[in-house]
Amino acid sequence: MAADQAPSEGANNLYSHDETVAAITSYYKLVSRAHAVSTDSTLLHPPPEGWPQLSADSGLVSGLGFSDEALNLIRHIPYFENSDLLQILPDVQPCSYIENQRLLAVANQRNSEQGGDGGETSPPPHLVLLGQIPQQREFGHDVWLDTKLGNAIMGNYHAQARPSIGDIPEDGIYPDANDHSYDNLFSKYGQKGEGCTWRISTFFAACERNLRELEWIPGMDEGDNGWLLDEGESPYAMLDYEHRKRIMRENGWPDGDWNPDGVVEELDRLLSTDGNA
């Protein structure tokens with residue numbers, strides 16, 4: 001672990017609420033634009049005072065065990081209307097805290113894991129689960145945000161692949177030796193997975209770059225609508241990854257007059273022929 005340590009309580013300059021909300025909002029807007037090629041990717045924004053259903057005096061919220069800073073974060077970030085139908089990173093589905101089912105799931109998880117079996121314990125109150133392994137998928141990643149140290153932590157339970165956001169090296173500040181905040185984030189069902197840690201600003205800047213430069217592309221075929229696909233894991237036999245990137249760029253991605261309908265029309269035209277480009 002890195003030698004860097006957090007300052008004493010009340011002197012924490014490692015985490016910025018405003019910068020974190022801005023980074024998530026900017027990236028989610030980009031994700032929403034990309035997914036317009038295949039799915040309803042409506043992004044819902046909170047009012048200036050935050051989501052009213054996530055106020056501190058809400059009975060359901062008060063039982064979640066979040067710190068004030070963590071609760072303030074989930075109150076002020078946007079959420080996707082159909083969060084279970086899309087991915088925000090390859091093999092990462094967003095968590096939506098404005099959905100009652102999600103709040104109940106968090107409450108149940110924290111209650112059941114207090115002193116749970118196999119050494120599993122409830123996540124510390126300053127950690128927020130931003131994204132998780134997609135439903136009905138065996139593999140994928142969870143993404144946690146640390147509202148004390150200002151880290152983004154991405155990991156998995158299966159240890160089959162080291163989490164990455166491209167070639168960006170880890171630059172996270174790890175808890176000190178007496179702080180075990182991250183120890184059990186990726187331990188489940190008796191398996192010990194692996195996590196990687198970046199500064200929140202580093203993490204979202206890398207994610208934006210990957211999507212803008214189409215290192216990741218939105219799923220465009222039946223069966224992968226709403227997914228984000230990594231270039232190294234593209235499943236396409238017809239109209240390969242490079243061809244799909246070119247079609248997106250020809251239709252204004254990322255900074256031009258973005259025309260997702262044009263992407264869909266061109267794909268339909270080409271796939272209705274013999275698939276040769």
Side-chain angles (χ1 to χ4, degrees), residues 6-36 39-89 92-111 122-132 142-154 173 181 198-205 207-208 211 226:
S8 60
E9 190 75 14
N12 185 1
N13 296 314
L14 295 176
Y15 170 77
S16 167
H17 169 79
D18 290 343
E19 290 177 7
T20 300
V21 170
I24 293 171
T25 301
S26 175
Y27 179 60
Y28 275 16
K29 285 180 178 178
L30 190 68
V31 171
S32 178
R33 292 180 70 229
H35 278 314
T39 192
D40 179 2
S41 58
T42 302
L43 191 60
L44 307 175
H45 294 270
E49 65 275 14
W51 296 104
Q53 61 269 53
L54 296 178
S55 62
D57 56 2
S58 163
L60 186 56
V61 171
S62 64
L64 296 180
F66 282 123
S67 67
D68 290 345
E69 197 69 84
L71 180 56
N72 197 34
L73 176 63
I74 67 171
R75 287 191 67 217
H76 288 92
I77 60 174
Y79 295 102
F80 289 95
E81 186 171 30
N82 295 302
S83 60
D84 58 336
L85 299 180
L86 52 81
Q87 296 178 6
I88 50 174
L89 280 76
V92 177
Q93 177 180 303
C95 296
S96 176
Y97 291 95
I98 57 173
E99 297 173 0
N100 282 341
Q101 285 185 326
R102 178 64 204 160
L103 291 178
L104 289 169
V106 171
N108 290 338
Q109 178 191 38
R110 288 182 181 270
N111 290 335
S122 179
H126 56 277
L127 295 185
V128 171
L129 184 63
L130 187 74
Q132 61 188 346
D142 286 352
V143 175
W144 294 84
L145 299 183
D146 185 333
T147 63
K148 184 167 70 173
L149 295 181
N151 291 326
I153 313 103
M154 184 166 73
I173 297 174
S181 297
W198 298 268
R199 305 299 294 149
I200 288 174
S201 57
T202 301
F203 181 80
F204 284 106
C207 290
E208 284 218 21
L211 191 49

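Owing to the predicted nature of the structure, the values given are computational and were not obtained by experimental measurement. Side chains are part of it too, since the values below use all heavy atoms of this structure and drop only hydrogens, waters and symmetry mates.
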Revision key, fill the gap. Here the pair of heavy atoms bringing Ala70 nearest to Pro125 is CB-O, 3.4 Å
Review point. How many angstroms lie between atom CG of Leu44 and atom CD1 of Ile77, to the nearest 0.5 angstrom?
Key: 12.0 Å
**Study point:** Value rounded to 0.5 Å, distance of CZ in Phe203 from CG in Asn151
**Key:** 11.5 Å
Review point. Are any non-hydrogen side-chain atoms of Phe80 and Ser96 less than 4.5 angstrom apart?
Key: no
Practice item. For Leu127 and Trp144, work out which heavy atoms get closest and say how close. Key: CB-CE3, 3.8 Å
Practice item. Check whether any side-chain heavy atom of Cys95 lies under 4.5 Å from a side-chain heavy atom of Gln132, and answer yes or no. Key: yes
Review point. Heavy-atom distance under 4.5 Å between the side chains of Leu85 and Asp40, does that happen here?
Key: no
Practice item. Can you measure from CD1 (Ile153) to CG (Leu145) and round to the nearest 0.5 angstrom? Key: 7.0 Å
**Study point:** Check: Ile200 and Tyr15 side chains under 4.5 Å, non-hydrogen atoms
**Key:** yes
Check your understanding: Can you tell me if Ser26 uses its side chain to pair, donor with acceptor, with the backbone of Ala22 under 3.5 Å?
Key -> no
Review point. Which pair of heavy atoms, one from Pro47 and one from Pro52, lies closest together, and at what distance?
Key: CG-CD, 4.2 Å
Check your understanding: With a 4.5 Å heavy-atom cut-off, do Ile24 and Leu73 have their side chains touching?
Key -> yes
Exercise for review: Rounded to the nearest 0.5 Å, what's the gap from OG1 on Thr42 to NE2 on His35? Could you check?
Suggested key: 12.5 Å
Check your understanding: Any side-chain heavy atom of Pro94 sitting closer than 4.5 Å to one from Leu86?
Key -> yes
Review point. Run the side chain to side chain contact (heavy atoms under 4.5 Å, CB included) check on Val31 and Gln87 step by step: do they pass?
Key: CA-CA 8 Å; Val31 171; Gln87 296 178 6; over 6 Å; no
Review point. Quick one: are Met154 and Leu89 in side-chain contact, heavy atoms under 4.5 Å?
Key: yes
Exercise for review: Would you indicate whether the side-chain heavy atoms of Leu149 and His126 approach each other to under 4.5 Å?
Suggested key: no
Point to revise | Value rounded to 0.5 Å, distance of CG in Leu211 from CD1 in Ile88 | key: 11.5 Å
Exercise for review: Would you please classify the geometry between the Phe66 ring and the Tyr97 ring as parallel, tilted or perpendicular, with 30° and 60° separating the classes?
Suggested key: perpendicular
Check your understanding: Where does the angle between the aromatic ring planes of His17 and His76 fall among parallel (under 30°), tilted (30 to 60°) and perpendicular (over 60°)?
Key -> perpendicular
Practice item. First locate atom CZ of Arg199, then atom CD1 of Ile173, and finally report the distance between them rounded to the nearest 0.5 Å. Key: 4.0 Å
Revision key, fill the gap. Residues Lys29 and Leu43: closest non-hydrogen pair is N-CD2, 3.8 Å
Check your understanding: Counting only heavy atoms not in Gln53, do more than 12 fall under 6.0 Å of its CD?
Key -> yes
